[in-house]
Amino acid sequence: MLRTVKDPYPRAATISAPRGHSLVLIMTILSLILLAPTLLYGQAQGRLTLEQVRNLVNIGAPDATIAHEIQIRGIDFSPKPTFLDQLEKAHAGPQTISALRELLPVLEEAKKQIPKVLQTIYSALDQGNPSSVSASLTSDIANNPEKLDKICKPFTYRAHYEEAIIQRPNRLFEVRVRALFKPFEEKAYVLVFGTSQGHFLLQDIKPPTDWFTTQLTAAEELSRKFVYAAKAGRKDVLDASTLPGVDTSRYISDPKLKNVIQCIPVRAEDVQMVNYQGLKIELQMFSGASCDTWGTWKFLVDQFQGAARIACILWQTPDGKVDANCSPELEIDTLHRFKLETSSANVSPSPPDTTQNSSQQSVKSFTFQHRHINMLGPGDAIYYCTGNLVVSPDGSVRFDCTGTNDPTGRCDHVTFPAGSINDLKKKFGGFHVSARGIGNYDFFGDAASQQAAYQAIVPSVSPKK
(Lines give C-alpha, C1' and ligand atoms only; values in the text may rest on other atoms or scores of the structure.)
Protein backbone atom coordinates (compact mmCIF):
# COMPACT_ATOMS: atom_id res chain seq x y z
CA MET A 1 0.00 0.00 0.00
CA LEU A 2 1.30 3.31 -0.97
CA ARG A 3 1.70 5.88 1.74
CA THR A 4 1.67 9.58 1.25
CA VAL A 5 4.69 11.27 2.73
CA LYS A 6 4.35 14.93 3.71
CA ASP A 7 7.01 17.14 2.19
CA PRO A 8 9.04 18.55 5.09
CA TYR A 9 10.04 21.49 2.94
CA PRO A 10 6.89 22.85 1.36
CA ARG A 11 7.19 25.52 -1.30
CA ALA A 12 6.48 29.06 -0.26
CA ALA A 13 2.95 30.17 -0.94
CA THR A 14 2.67 32.37 -3.99
CA ILE A 15 0.55 35.45 -4.39
CA SER A 16 -1.00 35.85 -7.74
CA ALA A 17 -1.83 39.34 -8.89
CA PRO A 18 -2.68 40.85 -12.18
CA ARG A 19 0.46 41.89 -14.01
CA GLY A 20 -0.70 45.54 -14.08
CA HIS A 21 -0.66 45.70 -10.27
CA SER A 22 2.57 43.79 -9.72
CA LEU A 23 4.82 46.75 -10.39
CA VAL A 24 2.83 48.96 -8.01
CA LEU A 25 2.98 46.32 -5.28
CA ILE A 26 6.72 45.83 -5.74
CA MET A 27 7.41 49.58 -5.66
CA THR A 28 5.30 49.98 -2.53
CA ILE A 29 7.14 47.17 -0.75
CA LEU A 30 10.51 48.57 -1.81
CA SER A 31 9.61 52.06 -0.70
CA LEU A 32 8.47 50.79 2.68
CA ILE A 33 11.71 48.86 3.03
CA LEU A 34 13.66 52.00 2.22
CA LEU A 35 11.42 54.12 4.40
CA ALA A 36 11.51 51.90 7.46
CA PRO A 37 15.08 52.73 8.54
CA THR A 38 14.39 56.40 8.01
CA LEU A 39 11.24 56.30 10.12
CA LEU A 40 12.87 54.23 12.84
CA TYR A 41 15.83 56.56 12.86
CA GLY A 42 13.46 59.53 12.90
CA GLN A 43 11.55 58.13 15.87
CA ALA A 44 14.80 58.10 17.80
CA GLN A 45 15.91 61.51 16.63
CA GLY A 46 12.64 63.47 16.72
CA ARG A 47 11.45 65.86 14.06
CA LEU A 48 12.04 65.36 10.37
CA THR A 49 14.74 67.45 8.76
CA LEU A 50 14.38 69.22 5.44
CA GLU A 51 16.68 66.65 3.77
CA GLN A 52 14.66 63.74 5.16
CA VAL A 53 11.43 65.15 3.75
CA ARG A 54 13.07 65.80 0.40
CA ASN A 55 14.58 62.27 0.30
CA LEU A 56 11.26 60.64 1.16
CA VAL A 57 9.64 62.44 -1.77
CA ASN A 58 12.52 61.60 -4.11
CA ILE A 59 12.40 57.84 -3.36
CA GLY A 60 8.65 57.80 -3.98
CA ALA A 61 7.46 57.01 -0.47
CA PRO A 62 3.64 56.88 -0.26
CA ASP A 63 2.04 60.29 -0.02
CA ALA A 64 -0.17 59.36 2.95
CA THR A 65 2.77 57.90 4.87
CA ILE A 66 4.93 61.02 4.48
CA ALA A 67 2.03 63.26 5.45
CA HIS A 68 1.32 61.11 8.52
CA GLU A 69 4.95 61.30 9.67
CA ILE A 70 4.99 65.10 9.23
CA GLN A 71 1.80 65.44 11.27
CA ILE A 72 2.95 63.08 14.05
CA ARG A 73 6.62 64.00 14.36
CA GLY A 74 6.68 67.53 13.06
CA ILE A 75 9.64 69.16 11.31
CA ASP A 76 12.73 70.95 12.55
CA PHE A 77 12.72 73.70 9.89
CA SER A 78 10.43 76.50 8.78
CA PRO A 79 8.99 75.60 5.39
CA LYS A 80 8.75 78.37 2.84
CA PRO A 81 6.45 78.59 -0.19
CA THR A 82 9.49 78.15 -2.47
CA PHE A 83 10.30 74.82 -0.80
CA LEU A 84 6.73 73.62 -1.35
CA ASP A 85 7.01 74.60 -5.02
CA GLN A 86 10.19 72.49 -5.31
CA LEU A 87 8.49 69.47 -3.74
CA GLU A 88 5.50 69.78 -6.08
CA LYS A 89 7.90 69.79 -9.05
CA ALA A 90 9.48 66.66 -7.57
CA HIS A 91 5.97 65.10 -7.65
CA ALA A 92 5.23 65.26 -3.92
CA GLY A 93 1.65 64.20 -3.23
CA PRO A 94 -1.14 66.59 -2.23
CA GLN A 95 -1.33 65.21 1.32
CA THR A 96 2.37 65.88 1.86
CA ILE A 97 2.07 69.42 0.53
CA SER A 98 -1.02 70.05 2.65
CA ALA A 99 0.68 68.76 5.82
CA LEU A 100 3.67 71.05 5.23
CA ARG A 101 1.48 74.01 4.33
CA GLU A 102 -0.21 73.70 7.73
CA LEU A 103 3.21 74.33 9.31
CA LEU A 104 4.07 77.41 7.30
CA PRO A 105 4.96 80.49 9.38
CA VAL A 106 1.52 81.83 8.41
CA LEU A 107 1.47 85.07 10.42
CA GLU A 108 4.52 86.45 8.68
CA GLU A 109 3.10 85.42 5.34
CA ALA A 110 -0.24 87.01 6.27
CA LYS A 111 1.47 90.31 7.06
CA LYS A 112 3.01 90.25 3.58
CA GLN A 113 0.03 89.08 1.55
CA ILE A 114 -3.11 90.48 3.24
CA PRO A 115 -2.22 94.16 2.64
CA LYS A 116 -1.86 93.38 -1.08
CA VAL A 117 -5.19 91.55 -1.12
CA LEU A 118 -6.90 94.43 0.70
CA GLN A 119 -5.55 97.01 -1.74
CA THR A 120 -6.96 95.00 -4.63
CA ILE A 121 -10.33 94.62 -2.87
CA TYR A 122 -10.66 98.34 -2.10
CA SER A 123 -9.77 99.31 -5.67
CA ALA A 124 -12.36 96.93 -7.10
CA LEU A 125 -15.13 97.96 -4.69
CA ASP A 126 -14.47 101.65 -5.28
CA GLN A 127 -14.94 101.06 -9.01
CA GLY A 128 -18.15 99.15 -8.36
CA ASN A 129 -16.68 95.89 -9.65
CA PRO A 130 -16.59 93.32 -6.81
CA SER A 131 -16.75 90.38 -9.24
CA SER A 132 -13.16 91.12 -10.31
CA VAL A 133 -11.90 90.12 -6.85
CA SER A 134 -14.27 87.22 -6.18
CA ALA A 135 -11.22 84.93 -5.90
CA SER A 136 -10.19 86.88 -2.80
CA LEU A 137 -13.63 86.69 -1.15
CA THR A 138 -15.60 83.79 0.28
CA SER A 139 -18.98 83.21 -1.35
CA ASP A 140 -20.75 84.59 1.75
CA ILE A 141 -19.00 87.96 1.32
CA ALA A 142 -19.04 88.03 -2.49
CA ASN A 143 -22.83 87.53 -2.52
CA ASN A 144 -23.58 90.01 0.26
CA PRO A 145 -23.84 93.60 -1.12
CA GLU A 146 -24.60 94.98 2.36
CA LYS A 147 -21.33 93.70 3.78
CA LEU A 148 -19.40 94.83 0.73
CA ASP A 149 -20.81 98.35 1.17
CA LYS A 150 -19.62 98.34 4.77
CA ILE A 151 -16.11 97.75 3.47
CA CYS A 152 -16.33 100.35 0.70
CA LYS A 153 -19.19 101.89 -1.27
CA PRO A 154 -18.40 102.69 -4.94
CA PHE A 155 -16.62 105.98 -5.65
CA THR A 156 -16.07 106.91 -1.97
CA TYR A 157 -12.63 105.45 -1.23
CA ARG A 158 -9.73 107.68 -0.23
CA ALA A 159 -7.22 105.60 1.70
CA HIS A 160 -6.82 102.85 4.28
CA TYR A 161 -4.17 101.25 6.44
CA GLU A 162 -3.86 98.14 8.63
CA GLU A 163 -3.33 98.98 12.29
CA ALA A 164 -2.70 95.34 13.24
CA ILE A 165 -2.90 91.79 11.87
CA ILE A 166 -3.63 89.25 14.62
CA GLN A 167 -3.61 85.47 14.25
CA ARG A 168 -6.51 83.61 15.85
CA PRO A 169 -7.20 79.86 16.27
CA ASN A 170 -8.09 77.73 13.25
CA ARG A 171 -5.79 79.74 10.97
CA LEU A 172 -7.97 82.83 11.04
CA PHE A 173 -6.60 86.37 10.97
CA GLU A 174 -8.21 89.53 12.30
CA VAL A 175 -7.10 92.64 10.47
CA ARG A 176 -7.79 95.95 12.21
CA VAL A 177 -8.42 98.40 9.40
CA ARG A 178 -8.78 102.20 9.39
CA ALA A 179 -10.38 103.54 6.20
CA LEU A 180 -11.10 107.10 5.03
CA PHE A 181 -14.01 107.85 2.70
CA LYS A 182 -15.46 110.86 0.92
CA PRO A 183 -16.33 113.52 1.80
CA PHE A 184 -14.54 113.03 5.14
CA GLU A 185 -15.55 109.94 7.07
CA GLU A 186 -13.24 107.54 8.86
CA LYS A 187 -14.23 103.98 9.77
CA ALA A 188 -12.60 101.32 11.90
CA TYR A 189 -13.55 97.68 11.55
CA VAL A 190 -12.14 94.19 11.83
CA LEU A 191 -11.83 92.14 8.64
CA VAL A 192 -11.54 88.38 9.15
CA PHE A 193 -9.35 86.43 6.72
CA GLY A 194 -9.05 82.68 6.36
CA THR A 195 -6.74 80.54 4.23
CA SER A 196 -7.51 78.20 1.37
CA GLN A 197 -4.94 76.47 -0.81
CA GLY A 198 -2.28 78.90 0.35
CA HIS A 199 -4.39 81.98 -0.44
CA PHE A 200 -5.93 84.48 1.98
CA LEU A 201 -9.68 85.00 1.61
CA LEU A 202 -11.81 87.70 3.19
CA GLN A 203 -14.65 85.90 4.94
CA ASP A 204 -16.25 88.33 7.40
CA ILE A 205 -16.41 91.90 8.71
CA LYS A 206 -16.92 92.65 12.40
CA PRO A 207 -17.28 95.78 14.55
CA PRO A 208 -14.22 96.79 16.60
CA THR A 209 -15.69 95.41 19.84
CA ASP A 210 -12.58 95.40 22.05
CA TRP A 211 -10.22 97.32 19.82
CA PHE A 212 -10.49 100.69 21.58
CA THR A 213 -11.08 99.50 25.14
CA THR A 214 -7.69 100.68 26.38
CA GLN A 215 -7.97 104.00 24.55
CA LEU A 216 -11.48 104.63 25.92
CA THR A 217 -10.23 104.11 29.47
CA ALA A 218 -7.27 106.43 28.88
CA ALA A 219 -9.60 109.10 27.45
CA GLU A 220 -11.84 108.95 30.53
CA GLU A 221 -8.85 109.42 32.82
CA LEU A 222 -7.60 112.30 30.67
CA SER A 223 -10.93 114.16 30.78
CA ARG A 224 -11.11 113.71 34.55
CA LYS A 225 -7.60 115.11 34.92
CA PHE A 226 -8.44 118.06 32.63
CA VAL A 227 -11.54 119.06 34.63
CA TYR A 228 -9.67 118.91 37.94
CA ALA A 229 -6.81 120.97 36.46
CA ALA A 230 -9.27 123.55 35.06
CA LYS A 231 -10.94 123.91 38.46
CA ALA A 232 -7.54 124.37 40.07
CA GLY A 233 -6.35 126.86 37.44
CA ARG A 234 -3.41 124.65 36.39
CA LYS A 235 -2.71 125.84 32.83
CA ASP A 236 0.45 123.72 32.61
CA VAL A 237 -1.62 120.57 33.08
CA LEU A 238 -4.28 121.80 30.64
CA ASP A 239 -1.64 122.44 27.98
CA ALA A 240 -0.12 118.99 28.50
CA SER A 241 -3.57 117.42 28.15
CA THR A 242 -4.52 119.06 24.84
CA LEU A 243 -3.29 119.19 21.26
CA PRO A 244 -1.37 122.25 20.05
CA GLY A 245 -3.76 125.02 19.06
CA VAL A 246 -6.41 124.38 21.73
CA ASP A 247 -6.75 127.62 23.73
CA THR A 248 -6.67 126.49 27.37
CA SER A 249 -6.24 129.99 28.83
CA ARG A 250 -9.95 130.64 28.32
CA TYR A 251 -10.89 128.21 31.08
CA ILE A 252 -8.76 130.15 33.56
CA SER A 253 -9.17 133.79 32.49
CA ASP A 254 -12.80 133.89 31.26
CA PRO A 255 -15.09 134.39 34.31
CA LYS A 256 -18.08 132.87 32.51
CA LEU A 257 -16.21 129.70 31.54
CA LYS A 258 -14.55 129.45 34.95
CA ASN A 259 -17.98 129.43 36.55
CA VAL A 260 -19.23 126.72 34.21
CA ILE A 261 -16.09 124.61 34.68
CA GLN A 262 -16.75 124.50 38.42
CA CYS A 263 -20.05 122.75 37.69
CA ILE A 264 -18.74 120.08 35.29
CA PRO A 265 -18.67 116.59 36.85
CA VAL A 266 -15.26 114.97 36.78
CA ARG A 267 -16.58 111.74 35.27
CA ALA A 268 -18.05 111.51 31.77
CA GLU A 269 -21.63 110.29 31.49
CA ASP A 270 -21.26 108.95 27.94
CA VAL A 271 -18.18 107.72 26.04
CA GLN A 272 -18.26 106.65 22.39
CA MET A 273 -16.42 106.78 19.06
CA VAL A 274 -17.55 109.55 16.69
CA ASN A 275 -16.46 111.03 13.37
CA TYR A 276 -15.11 114.54 13.70
CA GLN A 277 -12.46 115.21 11.06
CA GLY A 278 -11.46 111.60 11.60
CA LEU A 279 -12.39 109.13 14.34
CA LYS A 280 -12.26 110.57 17.84
CA ILE A 281 -13.30 109.40 21.31
CA GLU A 282 -16.16 111.59 22.51
CA LEU A 283 -16.80 112.15 26.22
CA GLN A 284 -20.00 113.95 27.18
CA MET A 285 -20.67 115.79 30.44
CA PHE A 286 -23.47 118.05 31.68
CA SER A 287 -22.85 121.06 33.88
CA GLY A 288 -25.50 121.40 36.57
CA ALA A 289 -28.62 123.50 36.11
CA SER A 290 -27.87 125.18 39.44
CA CYS A 291 -24.99 127.06 37.81
CA ASP A 292 -25.48 130.53 36.41
CA THR A 293 -24.50 129.22 32.97
CA TRP A 294 -24.93 125.56 32.23
CA GLY A 295 -25.00 123.29 29.20
CA THR A 296 -23.51 120.25 27.50
CA TRP A 297 -19.76 119.68 27.28
CA LYS A 298 -18.00 117.29 24.94
CA PHE A 299 -14.31 116.46 24.83
CA LEU A 300 -12.96 114.86 21.65
CA VAL A 301 -9.83 112.83 22.30
CA ASP A 302 -7.26 111.70 19.75
CA GLN A 303 -3.88 109.99 19.85
CA PHE A 304 -0.86 112.29 19.63
CA GLN A 305 2.67 110.88 19.68
CA GLY A 306 1.37 107.66 21.24
CA ALA A 307 -0.64 109.31 24.03
CA ALA A 308 -4.23 110.47 24.47
CA ARG A 309 -4.72 114.23 24.05
CA ILE A 310 -7.86 116.38 23.95
CA ALA A 311 -8.25 117.59 20.37
CA CYS A 312 -11.45 119.59 20.70
CA ILE A 313 -13.62 121.02 23.48
CA LEU A 314 -17.25 121.69 22.54
CA TRP A 315 -19.68 123.56 24.77
CA GLN A 316 -23.32 123.87 23.80
CA THR A 317 -25.49 126.20 25.86
CA PRO A 318 -29.23 125.61 26.38
CA ASP A 319 -30.05 128.11 23.61
CA GLY A 320 -28.26 125.87 21.09
CA LYS A 321 -25.11 127.92 20.52
CA VAL A 322 -21.91 125.90 20.19
CA ASP A 323 -18.50 127.10 21.30
CA ALA A 324 -15.86 124.95 19.58
CA ASN A 325 -12.30 125.20 20.87
CA CYS A 326 -10.36 122.81 18.61
CA SER A 327 -6.88 122.26 17.30
CA PRO A 328 -6.74 123.84 13.81
CA GLU A 329 -4.82 120.84 12.46
CA LEU A 330 -7.40 118.11 13.15
CA GLU A 331 -8.21 117.37 9.53
CA ILE A 332 -4.60 117.71 8.43
CA ASP A 333 -3.46 115.32 11.17
CA THR A 334 -5.98 112.72 9.96
CA LEU A 335 -4.84 113.12 6.37
CA HIS A 336 -1.21 112.74 7.41
CA ARG A 337 -2.14 109.59 9.32
CA PHE A 338 -3.51 108.15 6.07
CA LYS A 339 -0.43 109.43 4.19
CA LEU A 340 -2.48 111.79 2.03
CA GLU A 341 -1.25 115.10 0.66
CA THR A 342 -2.77 118.22 2.21
CA SER A 343 -3.18 121.85 1.20
CA SER A 344 -4.30 124.30 3.84
CA ALA A 345 -2.28 127.44 3.23
CA ASN A 346 -3.83 130.69 4.32
CA VAL A 347 -4.98 132.93 1.50
CA SER A 348 -3.53 136.37 1.02
CA PRO A 349 -6.40 137.97 -0.86
CA SER A 350 -5.76 140.04 -3.92
CA PRO A 351 -7.36 143.47 -4.30
CA PRO A 352 -10.59 143.54 -6.33
CA ASP A 353 -10.04 143.59 -10.08
CA THR A 354 -11.80 146.70 -11.39
CA THR A 355 -11.30 145.57 -14.98
CA GLN A 356 -13.83 142.73 -14.73
CA ASN A 357 -16.58 142.81 -17.30
CA SER A 358 -20.25 142.60 -16.46
CA SER A 359 -20.47 138.83 -16.96
CA GLN A 360 -17.64 138.29 -14.45
CA GLN A 361 -19.40 140.54 -11.93
CA SER A 362 -22.65 138.58 -12.08
CA VAL A 363 -23.95 136.38 -9.28
CA LYS A 364 -22.15 133.01 -9.05
CA SER A 365 -23.99 130.00 -7.63
CA PHE A 366 -22.61 126.58 -6.62
CA THR A 367 -23.93 123.40 -5.03
CA PHE A 368 -22.03 122.29 -1.92
CA GLN A 369 -22.30 120.18 1.20
CA HIS A 370 -21.93 122.02 4.50
CA ARG A 371 -20.56 120.09 7.48
CA HIS A 372 -21.95 120.96 10.90
CA ILE A 373 -21.97 119.74 14.49
CA ASN A 374 -25.08 118.48 16.22
CA MET A 375 -24.07 117.75 19.78
CA LEU A 376 -27.52 116.60 20.86
CA GLY A 377 -28.21 114.35 17.86
CA PRO A 378 -27.99 110.56 18.02
CA GLY A 379 -24.82 108.77 16.95
CA ASP A 380 -21.98 110.76 15.43
CA ALA A 381 -21.70 114.49 16.02
CA ILE A 382 -21.04 115.31 12.36
CA TYR A 383 -23.73 115.72 9.70
CA TYR A 384 -23.98 117.30 6.26
CA CYS A 385 -26.59 119.47 4.62
CA THR A 386 -26.67 120.14 0.87
CA GLY A 387 -27.48 123.56 -0.51
CA ASN A 388 -26.64 126.50 -2.76
CA LEU A 389 -23.66 128.78 -2.12
CA VAL A 390 -24.17 132.16 -3.82
CA VAL A 391 -21.38 134.74 -4.27
CA SER A 392 -22.78 138.21 -5.08
CA PRO A 393 -20.95 141.02 -6.94
CA ASP A 394 -20.99 143.18 -3.77
CA GLY A 395 -18.77 140.63 -2.00
CA SER A 396 -21.42 139.01 0.17
CA VAL A 397 -21.73 135.22 0.31
CA ARG A 398 -24.83 133.24 1.25
CA PHE A 399 -25.51 129.53 1.80
CA ASP A 400 -29.06 128.13 1.78
CA CYS A 401 -29.64 124.49 2.73
CA THR A 402 -31.99 122.45 0.52
CA GLY A 403 -31.61 119.04 2.23
CA THR A 404 -29.93 117.44 5.25
CA ASN A 405 -29.01 114.05 6.70
CA ASP A 406 -29.22 115.39 10.27
CA PRO A 407 -31.90 113.36 12.11
CA THR A 408 -32.92 116.51 14.01
CA GLY A 409 -33.67 118.23 10.69
CA ARG A 410 -31.01 120.93 11.03
CA CYS A 411 -30.68 122.73 7.66
CA ASP A 412 -28.52 125.87 7.80
CA HIS A 413 -29.05 129.25 6.15
CA VAL A 414 -26.21 131.71 6.67
CA THR A 415 -25.11 135.02 5.15
CA PHE A 416 -21.55 136.38 5.17
CA PRO A 417 -21.85 140.14 4.60
CA ALA A 418 -19.23 141.86 2.46
CA GLY A 419 -16.02 142.27 4.45
CA SER A 420 -16.98 139.80 7.19
CA ILE A 421 -14.89 136.86 5.90
CA ASN A 422 -11.44 137.09 7.48
CA ASP A 423 -10.02 133.66 6.67
CA LEU A 424 -10.34 131.34 3.68
CA LYS A 425 -8.45 128.06 3.47
CA LYS A 426 -8.35 125.25 0.98
CA LYS A 427 -9.08 121.90 2.58
CA PHE A 428 -8.93 118.34 1.30
CA GLY A 429 -12.11 118.10 -0.77
CA GLY A 430 -13.33 121.64 -0.08
CA PHE A 431 -12.58 124.90 1.72
CA HIS A 432 -12.99 126.55 5.11
CA VAL A 433 -14.63 129.96 5.70
CA SER A 434 -14.23 131.96 8.89
CA ALA A 435 -16.24 135.16 9.39
CA ARG A 436 -16.27 137.77 12.15
CA GLY A 437 -19.22 137.38 14.46
CA ILE A 438 -20.64 134.48 12.40
CA GLY A 439 -18.33 131.49 12.92
CA ASN A 440 -16.50 128.79 11.03
CA TYR A 441 -17.95 126.85 8.10
CA ASP A 442 -16.64 123.99 5.96
CA PHE A 443 -17.96 123.36 2.44
CA PHE A 444 -17.35 120.33 0.21
CA GLY A 445 -18.08 119.67 -3.45
CA ASP A 446 -16.59 118.56 -6.77
CA ALA A 447 -13.14 119.83 -7.72
CA ALA A 448 -14.33 122.27 -10.41
CA SER A 449 -16.89 123.91 -8.11
CA GLN A 450 -14.38 124.11 -5.27
CA GLN A 451 -11.87 125.99 -7.40
CA ALA A 452 -14.44 128.31 -8.97
CA ALA A 453 -16.10 129.22 -5.66
CA TYR A 454 -12.76 129.68 -3.98
CA GLN A 455 -11.60 132.12 -6.65
CA ALA A 456 -14.93 133.97 -6.49
CA ILE A 457 -14.68 134.46 -2.70
CA VAL A 458 -10.97 135.40 -2.51
CA PRO A 459 -11.45 139.09 -3.50
CA SER A 460 -13.97 139.52 -0.66
CA VAL A 461 -11.66 138.27 2.11
CA SER A 462 -10.48 140.80 4.71
CA PRO A 463 -7.52 139.30 6.58
CA LYS A 464 -7.43 139.16 10.38
CA LYS A 465 -5.76 142.18 11.96
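The first residue in the sequence is number 1, and the count goes up from there. All of these numbers come straight from a predicted model, not from anything done at the bench.
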Exercise. Step by step, would you call Tyr251 with Asn325 a side chain to side chain contact (heavy atoms under 4.5 Å, CB included)?
Worked result: CA-CA 11 Å; Tyr251 308 107; Asn325 182 12; 2.9 Å; yes

Exercise. Between Tyr441 and Ser434, is a side chain to side chain contact (heavy atoms under 4.5 Å, CB included) present by the stated rule, with each step listed?
Worked result: CA-CA 6 Å; Tyr441 289 79; Ser434 178; over 6 Å; no

Problem set entry | side chain to side chain contact (heavy atoms under 4.5 Å, CB included) assessment of His432 paired with Leu424 | CA-CA 6 Å; His432 172 82; Leu424 181 66; over 6 Å; no

Problem set entry | side chain to side chain contact (heavy atoms under 4.5 Å, CB included) between Leu118 and Glu162, worked out | CA-CA 9 Å; Leu118 266 180; Glu162 300 82 25; 3.6 Å; yes

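Contacts of Arg267 classified as salt bridge (Lys or Arg N to Asp or Glu O under 4.0 Å), with partners at least two apart in sequence or in another chain: none. Take Lys206 and apply the salt bridge (Lys or Arg N to Asp or Glu O under 4.0 Å) test, not counting sequence neighbours, and it matches Glu174. For Asp442, the salt bridge (Lys or Arg N to Asp or Glu O under 4.0 Å) partners two or more places apart in sequence, or in a different chain, are Arg371. For Asp239, the salt bridge (Lys or Arg N to Asp or Glu O under 4.0 Å) partners are Lys235, not counting sequence neighbours. Not counting sequence neighbours, the partners of Thr367 by the side-chain contact (heavy atoms from CB on, under 4.5 Å) test are Thr386, Asn388. For Tyr161, the ring pair (Phe, Tyr, Trp, His ring centres under 6.0 Å) partners are Phe338, not counting sequence neighbours.
For the pair Cys312/Tyr276, a side-chain contact is recorded, criterion being any heavy-atom separation below 4.5 Å from C-beta on. Looking only at side-chain heavy atoms (C-beta outward), Asp270 and Leu283 stay at 4.5 Å or farther from each other. The closest side-chain heavy-atom distance from Arg234 to Ile252 is not below 4.5 Å. Within the 4.5 Å cutoff, no side-chain heavy atoms of Ile205 are placed close to those of Val190.
The main-chain N or O of Cys411 is never found under 3.5 Å from a side-chain atom of Thr404 such that the two would form a donor-acceptor pair. A side-chain donor-acceptor contact under 3.5 Å links Thr217 to the backbone of Thr213. Side chain of Arg410 to main chain of Cys385: no donor-acceptor pair is present (N/O by atom type, distance under 3.5 Å, no hydrogens or angles). Under the 3.5 Å distance criterion, the side-chain polar atoms of Thr49 are matched with a main-chain donor or acceptor of Gln52. Under a 3.5 Å cut-off, the side chain of Arg176 and the backbone N or O of Leu191 do not form any donor-acceptor pair. Between the side chain of Thr120 and the main chain of Lys116, a donor-acceptor pair closer than 3.5 Å is present. Between the side chain of Ser327 and the main chain of Gly245, no donor-acceptor pair closer than 3.5 Å is present. Remark: side-chain polar atoms of Thr156 are not paired, donor with acceptor, to backbone N or O of Cys152 under 3.5 angstrom. Judged purely by atom type and a 3.5 angstrom limit, Ser241 uses its side chain to pair as donor or acceptor with the backbone of Val237. A distance-only check finds a donor-acceptor pair linking the side chain of Ser123 to the backbone of Gln119 [under 3.5 Å].
Contacts classified as ring pair (Phe, Tyr, Trp, His ring centres under 6.0 Å) and involving residues 118-145 (residues at least two apart or in different chains) are given here: Tyr122-Tyr157, Tyr122-His160. Note on residues 186-203: pairs passing salt bridge (charged side-chain N to carboxylate O under 4.0 Å, His left out), not counting sequence neighbours, are Arg178-Glu186, Glu186-Arg337. Screening residues 272-281 for salt bridge (charged side-chain N to carboxylate O under 4.0 Å, His left out), with sequence neighbours left out, gives Lys280-Asp302. Contacts classified as ring pair (Phe, Tyr, Trp, His ring centres under 6.0 Å) and involving residues 200-221 (residues at least two apart or in different chains) are given here: Phe173-Phe200.
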Acceptor/donor pairs from residues 143-150 side chains to any protein atom, 3.5 angstrom cut, sequence neighbours excluded:
residue: Asn143; atom: ND2; partner: Ser139; partner atom: O; Å: 3.1
residue: Asn144; atom: OD1; partner: Glu146; partner atom: N; Å: 3.2
residue: Asn144; atom: OD1; partner: Lys147; partner atom: N; Å: 3.1
residue: Lys147; atom: NZ; partner: Asp204; partner atom: OD1; Å: 2.7

Hey, can you pull the donor-acceptor pairs under 3.5 Å for the side chains in residues 220-231, sequence neighbours left out?
residue: Ser223; atom: OG; partner: Glu220; partner atom: O; Å: 2.9
residue: Lys231; atom: NZ; partner: Gln262; partner atom: O; Å: 3.4
residue: Lys231; atom: NZ; partner: Ile264; partner atom: O; Å: 3.0

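For Phe431 and Phe444, the gap between ring centers reaches or exceeds 6.0 Å.
Between Phe368 and Phe366, the two ring planes are tilted [angle within 30° to 60°]. Between Phe399 and His370, the two ring planes are perpendicular [angle over 60°; tilted spans 30° to 60°].
When only modelled atom types and interatomic distance are considered, Asp140 and Thr138 share no side-chain donor-acceptor pair under 3.5 Å. There is a side-chain donor-acceptor pair under 3.5 Å between Glu282 and Gln272.
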